[in-house]
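Single-structure report; data block below.
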Amino acid sequence: MTNQAIIDEIRRLKAERNACILAHYYTIPEIQDLADHVGDSLALARIATKLEEPIVVMCGVHFMAETVKMLAPDKTVLEPAPDAGCSLADSCDPVEFEAFVKARPGHTVISYVNTSAAVKALTDIVVTSGNACEIVGSMPADEKIIFGPDRNLGSYINSITGRDMVLWDGACHVHEQFSLDAILKLKAEHPDALLLVHPECPRPVRLVADKIGSTAALLKFAMASDAREFIVATESGILHKMQNACPDKLFIPAPPENGGGCACNNCSYMKLNTLERLRDCLRDLAPQVEIDGALAESARRPIDRMLDLSAKLGL
Ligand code: 13P
Ligand code: SF4
């Protein structure tokens with residue numbers, strides 16, 4: 001079957017099922033083009049609270065599907081790739097995290113949305129890369145805070161807000177591998193290019209960035225900028241929207257540690273969302289996301305706090 005035939009089938013099934021397709025910017029271009037909404041983690045969470053369709057398909061990784069289910073418990077939430085984990089979420093075991101939190105009484109626990117429901121249930125406020133600095137910055141300066149699981153995002157928030165949050169030692173395998181040397185070499189070849197960096201990247205890469213932000217913030221910056229060339233240090237899927245939104249601009253994927261043999265940085269988990277799996281899940285109405293009721297309730301609380309705080313801060 002050709003890709004076009006599968007795409008036609010997905011469109012037909014989507015209409016028949018009255019389903020809404022959500023996709024993260026890191027999914028393959030064909031899925032982004034089929035989706036009703038493509039966004040960063042924050043936008044996707046917000047959309048999840050306003051869905052009209054009874055069925056929603058989350059093309060992303062498992063914690064994103066869990067978040068949608070918690071925010072839209074009455075919907076049938078499908079995930080084409082239930083095996084799509086996240087190395088960052090996996091770097092935070094809930095049992096170990098609970099011990100880490102218990103060993104530091106009196107701390108507010110702030111967690112990145114890239115966590116399991118079990119870790120969210122141990123959390124006071126969830127943040128995404130789209131609102132983390134503003135939410136932490138809005139807390140009293142002397143508030144004691146634990147931040148997990150991303151040490152890179154955590155140190156970035158500390159540097160911007162002047163806080164001294166205690167950091168869990170986790171990281172994302174895609175963003176950890178960007179090489180400063182390779183980026184500087186590329187920058188020498190493209191002296192006018194601006195460097196766009198996701199805050200999950202290590203500090204040396206962040207220090208040479210022209211813009212640091214969530215996937216949505218990087219896209220917005222590229223669209224508004226007068227520059228013609230950009231080096232992009234985040235997962236390569238975002239280049240699809242950047243190139244579509246700015247056809248006259250050049251977007252160059254930042255090379256990974258291995259020197260950029262592949263000229264790309266792929267999140268292998270996100271790429272588990274294939275056209276075939278999207279079609280199959282719409283056809284079979286499976287796999288569905290299910291979360292234990294008590295766990296869902298505890299894990300939703302810090303997500304709701306994030307959405308409330310974001311709205312109050314005008315984000
Ligand atoms: P965003 O918050 O930009 O969507 O990033 C999510 C993510 O998984 C980055 O690796
Ligand atoms: Fe997780 Fe990294 Fe993939 Fe984002 S890019 S979903 S943080 S593994």
Side-chain angles (χ1 to χ4, degrees), residues 22-28 31-32 35 37-48 58-68 79-92 110-116 119-120 126-136 147-154 156-157 168-178 196-202 205-206 209 211-222 232-242 253-254 256-257 264-273 303 306-307 310 315:
L22 306 182
H24 191 270
Y25 288 122
Y26 294 165
T27 52
I28 58 171
I31 287 187
Q32 293 189 43
H37 305 279
V38 184
D40 68 353
S41 306
L42 180 58
L44 294 171
R46 282 192 170 129
I47 290 163
M58 181 62 235
C59 300
V61 292
H62 182 63
F63 78 80
M64 293 178 178
E66 275 189 340
T67 304
V68 171
E79 52 180 341
D83 48 347
C86 162
S87 56
L88 182 49
D90 291 347
S91 70
C92 192
I110 301 190
S111 295
Y112 194 26
V113 71
N114 294 41
T115 43
S116 62
V119 168
K120 288 187 176 79
V126 163
V127 295
T128 77
S129 57
N131 58 20
C133 288
E134 291 83 354
I135 288 182
V136 172
F147 181 83
D150 188 6
R151 60 173 175 261
N152 293 318
L153 176 61
Y156 174 63
I157 301 168
W168 178 265
D169 192 18
C172 154
H173 73 298
V174 176
H175 289 87
E176 275 274 287
Q177 68 168 332
F178 288 112
L196 310 180
V197 171
H198 197 279
E200 286 175 27
C201 290
V205 174
R206 295 198 312 267
K211 170 72 184 173
I212 300 174
S214 73
T215 44
L218 298 181
L219 174 62
K220 196 171 157 196
F221 179 88
V232 184
T234 190
E235 210 270 355
S236 62
I238 187 69
L239 271 78
H240 176 61
K241 275 278 181 264
M242 286 178 168
E257 201 62 69
C264 63
N265 288 279
N266 285 330
C267 173
S268 50
Y269 303 109
M270 286 282 183
K271 280 15 180 198
L272 290 171
N273 290 273
I303 305 175
M306 166 184 85
L307 294 174
S310 284
L315 301 170

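Whatever order the structure lists them in is the order used to number ligands and atoms, beginning at 1.
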Atom pair OH/CZ of Tyr156 and Phe147 - distance to nearest 0.5 Å: 12.0 Å

Per-atom contacts, ligand 1 versus Ser214 - under 4.0 Å to a heavy atom: 3 (O)

Proximal ligand 1 atoms for His175, defined as those under 4.0 Å from one of its heavy atoms: 10 (O)

Any N/O pair Ser129/ligand 1 closer than 3.5 Å: yes

Closest approach of Ala171 to Asp150 (non-hydrogen atoms, all atoms of both residues): CA-OD1, 3.8 Å

Ligand 1 N/O within reach of Thr215 N/O, cut-off under 3.5 Å: yes

Donor-acceptor under 3.5 Å (Lys120 side chain, Val113 main chain): yes

Pair Phe178 and His198, ring centroids less than 6.0 Å apart: no

Check: His175 main-chain N/O paired with Glu200 side-chain donor or acceptor under 3.5 Å: no

Side-chain (Ser310) to main-chain (Leu307) donor-acceptor, under 3.5 angstrom: no

Test log, rule side-chain contact (heavy atoms from CB on, under 4.5 Å), inputs His173 and Ser268: CA-CA 10 Å; His173 73 298; Ser268 50; 4.1 Å; yes

Tyr26 near ligand 1 by a heavy-atom separation under 4.0 Å: yes

Closest protein heavy atom (residue, atom, distance) for atom 8 (O) of ligand 1: Asn114 ND2, 3.1 Å

For atom 6 (C) of ligand 1, closest protein heavy-atom neighbour: Ser41 OG, 3.5 Å

Donor-acceptor side-chain pairing of Asp40 and Thr215 below 3.5 angstrom: no

Under 3.5 Å donor-acceptor, Trp168 side chain and Ser91 backbone: yes

Donor-acceptor contact present, side-chain Gln32 to main-chain Tyr25, <3.5 Å: yes

Residue-ligand contact Glu235/ligand 1, heavy atom below 4.0 Å: no

Polar protein atoms near atom 1 (Fe) of ligand 2 [N, O or S; cut-off under 2.8 Å]: Cys86 SG

Atoms of ligand 1 close to His198 [distance to a heavy atom under 4.0 angstrom, numbered from 1]: 1 (P), 3 (O), 5 (O), 9 (C)

From His173, Met64, Glu200 - option closest to atom 10 (O) of ligand 1 by heavy atom: Glu200

Interfacing atoms of ligand 1 (cut-off 4.0 Å, heavy-atom, Asp40): 1 (P), 3 (O), 4 (O)

Glu200 heavy atom under 4.0 Å from ligand 2: yes

Taking atom 4 (Fe) of ligand 2 as the reference point, the nearest protein heavy atom with its distance: Tyr26 CE1, 3.9 Å

Ligand 1 to His24 polar contact by distance, N or O atoms, under 3.5 Å: yes

Exam field: side chain Asn273 to backbone Gly60, donor-acceptor pair closer than 3.5 Å: yes

